[in-house]
Each structure stands twice: as C-alpha cells, then as structure tokens.
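One structure below.
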Amino acid sequence: MTSLDTVRVGAGAGTSDDRMLPALELAERGDIDYLVFECLAERTVSRENLARSKDPNLGYSPSLHARLRMVLPTCIKKGIRIVSNMGAANPVGGARAARKEAADLGLGHVPVAVVLGDDVSSIVKHKPELTLIENGEPLESILPKMISANAYLGADVVREALDTGAPIVLSGRVADPSLFLAPMLHEFGWSYDDLPKLAQGTAAGHLLECTASVTGGCFGWPGKKEVPDLAHNGYPFADIKADGSIVIGKTPDTGGRLDVMTCTEQLIYEIHDPTAYITPDCVLDITGISLTQEGNNRVGVSGAKARPRTHTYKVNVGYADGYIGEGEVSYGGIDAVARAKWAAEIVKERLKLQGFTYDDFRVDLIGMSSLHDQVEIRPEPYEVRLRLAGRTRQRKAAHAIGFEVRAMHMHGPGGAGGACEPRVRDVLAVKSVLLPRNLVNSQVVVEGAQ
Amino acid sequence: MSVRVYDLAHARAGDKGNTSNISVICYDAKHWEFLERELTPERVANAFKHIAKGPVRRFPLRNLKAFNFVIENALGGGVTISLAQDIHGKSLSNVMLAIELPEPQ
C-alpha cells in the first residue's frame with residue numbers, strides 16, 4: 001500500500017481482448033494493492049455459456065489462463081489482490097482453473113472467492129412479461145432463443161468476496177465500475193448511504209475500466225494530440241483516500257500520457273446522460289466533476305455526485321439470432337470502383353437466383369464508404385476492396401455470400417484479386433430487461449477455503 | 001469562411017446497443033459557448049443523417065468544457081447484429097470532427 005490511508009487500485013484489462021504485458025508492468029512497478037481485470041463485453045457471457053454447454057468445465061474467459069499465469073507470481077509475492085469478472089458464464093469453473101494455475105506455478109494452495117447470482121436465466125424464464133428496453137416488446141419474443149441472462153451485479157457482493165480474505169475474487173457479470181469500487185468499499189467500509197464517496201469511487205472505476213483509454217490509447221492523433229511512446233503505453237491506477245479523494249496515475253517508466261484531456265475523453269465515454277449514469281451502486285452525475293493535473297501523469301478527480309441506486313438490476317439477455325455471412329475481394333487500377341460495383345450486383349443476383357433471402361444485407365466499398373457510407377460523394381481511390389455481408393436464418397444462405405464473392409475470381413468482372421475464404425458466424429444478439437433487486441440472490445462461495 | 005469541429009475540439013465515440021455516444025471536448029474553454037450555439041443537435045443530426053435515424057440529444061458538460069451527443073438508431077440495429085465493419089461505430093467521432101461551422105467572430 002502506498003501509504004496507510006490510501007489504497008491503490010490498478011486496471012489490468014478493460015476488455016476480453018485487452019493487451020497482456022501492461023498488467024504485469026503495473027503489478028511489478030505500480031505499487032498497487034489491487035489488480036482488476038475487466039474482461040466481459042456485452043455478448044461474451046453468451047458465447048461462454050455456449051462453450052459451457054459443450055463442456056461443463058468451460059465457460060470462463062479463455063484468457064484467464066494466460067493472464068493469471070503472467071501476474072500470479074508477482075501478485076502473490078507482493079500481496080496484490082486480484083479482482084476479475086473472467087468467471088464469465090462459469091465463475092466456479094474459472095476459480096478451479098485459477099487454483100490449478102497457482103498450483104502449477106508452485107504458489108501452493110490459493111483460495112478463490114467466487115461471486116454467484118448474476119445468472120438469472122432461471123428467474124427471467126418465468127417472467128415473459130418483462131419489457132425489452134431496446135424495442136419495448138415483451139421478453140417472451142426472444143425467450144425461445146435465449147442462451148443466457150445475466151444481471152449486472154454491483155460492488156456490494158464483490159466486497160463480500162473481498163471480505164473473505166481470498167487473494168483472488170472471480171465473478172461473472174458485474175458492472176465494470178463496480179469491480180473497481182468494491183476494493184474501496186472493502187478497505188474503507190463506505191456505506192451505500194455515503195453517496196459522495198460512492199460517486200467518487202464509481203467515477204474512478206469508470207476512468208479505469210478501459211485501461212489504456214485513459215493513458216493515451218484510443219486518443220493519439222499525429223500533429224494534433226501527440227502521445228509519447230504509445231507503443232509502450234502503461235496502464236492506469238487510482239489512488240483513493242478514505243475521504244473519497246481520487247488521483248489517477250499510471251505505471252512509472254511507461255509510454256503514453258495521462259492528463260486532463262485523456263481523462264475527459266474517458267470520463268464522458270459511453271455515459272449517455274451525464275447527470276444519470278446508472279450503475280448497480282448509484283446513479284452517477286459527472287457534470288460537477290473537476291479534473292486537475294496534480295503532477296506528471298497524475299490527475300485529480302473531484303466533485304462527483306450521485307443519487308441512490310435504483311431498485312432494479314439491468315439484465316443482459318443473450319439469444320441466438322441466425323447467422324452473418326460475408327465475403328471480400330479486391331479491385332485495383334483503372335475503373336476499379338466500377339468493376340467492384342458490377343461484381344456486387346452480380347453476386348446479389350446469383351444469391352437471389354438460388355432463392356436465398358436475408359434479413360439485412362450490406363455492400364461496402366472498403367477504401368470509400370465502409371465506415372461512413374455516402375459512396376456518391378467520396379473520391380475514387382486507386383484500389384478498392386468489395387465487401388458483401390448479410391444476416392439470415394439459414395447458415396447455407398450466409399455461407400453463399402462469401403462463396404459467391406470468392407467466385408468473382410473466375411466469374412465476375414476482370415481483374416478481381418485476393419478474395420477471402422467465405423466467412424460465417426453465429427449471431428449472438430443481446431437485449432436487456434430490468435429485474436427487481438429482490439429477485440436476485442447474489443452470494444459468495446470460496447473455492448479452496450481452509 | 002468556416003471552421004471544423006476538428007479545429008476546436010477533440011472527440012471520442014462509444015456505443016450502447018444501437019446508440020452512439022460521441023463526446024466533443026474543447027481544446028480551449030473559450031470555444032465552448034461558440035460550440036453551444038453552433039453545434040446544435042439539429043446540425044449533428046443532419047451530418048449523421050445517412051448513418052443514423054436519430055433522434056440526437058445533446059448534453060452540456062460546462063465543467064469539462066465538453067458536450068456529450070447521444071445519437072440513437074446509429075449502429076446498424078445494434079452492435080451484436082450489425083453488418084457494418086465498424087460495429088461499435090468507433091470511427092463515427094470523425095464524422096463529428098468533420099462538421100463545418102460558421103467561422104467564430
């Protein structure tokens with residue numbers, strides 16, 4: 001711990017695909033007390049639930065092995081506690097895997113506290129009348145295709161897990177900022193009535209939850225927003241005091257930058273109404289926040305406000321929704337765009353002739369209009385990559401898109417090159433409902449309790 | 001004469017479902033009132049009309065010399081089912097930065 005009244009919480013991952021090494025640098029040189037790995041995107045739990053249905057030992061984040069193998073020796077040696085939602089759809093399975101990693105590393109018998117109760121599929125199954133937030137339809141409309149239903153739990157149950165003393169805490173779905181708030185609740189005993197402190201802690205969690213996004217990642221712009229040594233940017237931590245004061249910092253001797261500009265981008269990120277950012281712990285209002293540069297790569301956060309938490313949990317419902325198929329092929333040189341457009345028409349006609357239908361279909365000219373559309377006003381590039389994609393109930397129809405695009409090599413306009421193999425992926429769609437708190441039974445169990 | 005949002009502010013785009021969330025943050029606080037006057041939700045909706053059905057809401061963050069724009073029906077039906085290459089719409093901040101505004105007085 002940096003000093004007796006300060007706790008330092010570090011961010012080791014902000015998405016399932018986050019980079020690995022900066023977390024180790026943070027553990028080794030960041031003088032942190034807690035290392036938080038946030039590894040669940042919206043549909044990750046659905047995907048892992050499918051993995052678990054094929055093998056009951058699976059269903060946790062596959063990256064758990066590599067991440068823990070990397071940091072566990074340092075964390076156990078230094079007494080850094082790990083908090084993570086890498087339990088995904090199988091936190092107990094993840095805990096067993098984590099304990100095995102620790103044992104294999106010669107670290108002995110490491111207990112893991114497991115947060116349970118986010119899986120509410122058996123509860124919502126009996127509540128078809130719940131309203132889908134996205135389209136106002138009843139949950140019933142997607143229940144037959146449901147793969148998973150997980151409530152975003154809050155920091156309270158993660159604190160309970162930390163209270164067990166286990167060096168590692170693993171959960172499934174927990175709201176991102178809550179993973180960071182939990183160590184603060186555990187260390188300082190903040191109550192849910194102490195809204196200014198909950199607000200500060202939640203704001204800190206929100207600043208940390210995307211790791212490098214606050215240290216110069218997703219930020220740099222040549223000539224406009226320079227970021228030194230971005231290739232080696234460091235991950236952030238927060239220094240939190242018992243009175244709720246917060247300073248954000250980053251691993252010493254790493255690249256990147258941490259200043260009021262980078263913090264402002266992350267603070268507003270994905271927050272929608274800034275007076276009412278709803279988490280399971282509070283309703284955060286960031287409009288009064290001041291960010292101040294308190295030193296090199298150190299930014300103070302003050303003035304966060306909050307209203308009490310709502311009476312419901314947000315629940316993500318994952319369901320199977322058909323397939324997306326896609327194919328790509330390139331055209332270059334004279335009339336490249338005209339040949340690509342012609343190829344698109346030919347492929348569409350061939351798909352139609354075979355009787356395939358699509359719920360949604362899209363033609364992109366990569367290099368012109370694949371990101372921001374408006375092909376009609378874009379200048380013609382020297383070369384263009386044609387991409388066709390469609391969503392459909394039939395796997396065969398999805399596959400046919402890439403198959404017919406690839407056939408442009410031989411059966412389309414002249415000079416097509418570099419088609420990719422046909423791609424098909426299962427669509428795991430996600431919608432959400434609100435579930436009354438009293439229906440959710442969150443709890444903690446310890447794997448390997450002494 | 002005109003000025004681009006890019007000249008006065010930086011921006012980042014994020015997503016929730018089928019909604020895009022784009023921040024606009026002034027480099028210099030003295031431009032905040034100008035952007036408040038000129039970078040209206042209507043102007044933003046117009047710049048995104050080929051991408052997003054809307055509506056567009058704007059939230060002021062005076063303390064952070066920023067605005068937050070929430071643009072609905074912007075992500076091809078939603079991140080999990082979108083056919084777009086950029087399913088999260090991370091690149092949409094650049095549509096915002098390219099918006100042209102009348103030169104500030």
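Quick note on labels: first sequence line is chain A, next is B, and so on, each numbered from 1. Bear in mind that the values here come from a model prediction, so they are computed numbers and not experimental data.
Under a cut-off of 6.0 angstrom, the local environment of NZ in A/K145 is crowded, with over 12 non-hydrogen atoms contributed by other residues, nucleotides or ligands. Remark: A/K224 NZ is packed, more than 12 non-hydrogen atoms of other residues, nucleotides or ligands lying under 6.0 Å away.
For the atom pair NE2 (B/H50) and CD (A/E376), the distance works out to 8.5 Å, reported to the nearest 0.5 Å. Atom CG of residue B/L64 and atom CD1 of residue A/I286 lie 6.0 Å apart, to the nearest 0.5 angstrom. Atoms CD1 and CZ, from A/I268 and B/F67 in turn, are 10.0 Å apart once rounded to the nearest 0.5 Å. Here B/D86 contributes atom CG and A/S370 contributes atom OG; the two are 8.5 Å apart, rounded to the nearest 0.5 Å. Between the CG atom of B/N94 and the CH2 atom of A/W221 there is a distance of 4.0 Å, given to the nearest 0.5 Å.
When every heavy atom of A/T287 is checked against every heavy atom of B/P60, the shortest pair comes out as CG2-O, 4.3 Å. Nearest heavy atom pair, residue B/N63 against residue A/I289, reads ND2-O, 3.1 Å. When every heavy atom of B/S82 is checked against every heavy atom of A/I324, the shortest pair comes out as O-CD1, 3.7 Å.
Of residues 10-21 of chain B, those residues lying under 4.5 Å from chain A by any heavy-atom pair are B/H10, B/A11, B/R12, B/A13, B/G14, B/D15, B/K16, B/G17, B/T19, B/N21.
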Practice prompt. Apply side chain to side chain contact (heavy atoms under 4.5 Å, CB included) to the pair B/F48 and A/H372, showing each step before the final yes or no.
Written response: CA-CA 9 Å; B/F48 280 84; A/H372 302 155; over 6 Å; no

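Listed options B/L92, B/L83, B/I51 were ranked by heavy-atom pairs under 4.5 angstrom with chain A; first place goes to B/L83. Interface check for chain B: of the options A/G303, A/C263, A/A389, the most heavy-atom pairs under 4.5 Å are formed by A/A389. For the set A/Q374, A/R43, A/H272, the entry with the most heavy-atom pairs within less than 4.5 Å of chain B is A/H272. Comparing B/S91, B/S23, B/S93 by how many heavy-atom pairs each has under 4.5 Å with chain A, the most go to B/S91. Most heavy-atom pairs under 4.5 Å with chain B, from the set A/L267, A/V430, A/D321: that is A/V430. Between chain B and the options A/R387, A/Q266, A/E326, A/K431, the largest number of non-hydrogen pairs under 4.5 Å is found for A/R387.
For A/S213, the parts lying near chain B are the backbone and the side chain together; criterion is any non-hydrogen pair under 4.5 Å. Only the side chain of B/L61 comes within contact range of chain A, with at least one heavy atom under 4.5 Å from a heavy atom of that chain. Contacts between B/I25 and chain A at a heavy-atom distance below 4.5 Å involve the side chain alone, from C-beta outward. With a threshold of 4.5 angstrom between heavy atoms, B/I22 does not approach chain A through any atom at all. For B/I87, the part lying under 4.5 angstrom from a heavy atom of chain A is the side chain only. For A/D364, the part sitting under 4.5 Å from any heavy atom of chain B is the side chain, from C-beta outward, and nothing else. In this structure, chain A has a heavy atom under 4.5 Å from the side chain of B/K90, while its backbone stays farther away. For A/E265, the parts lying near chain B are the backbone and the side chain together; criterion is any non-hydrogen pair under 4.5 Å. Residue contact with chain A, scored on non-hydrogen atoms closer than 4.5 Å, involves the backbone and the side chain of B/Y6 alike.
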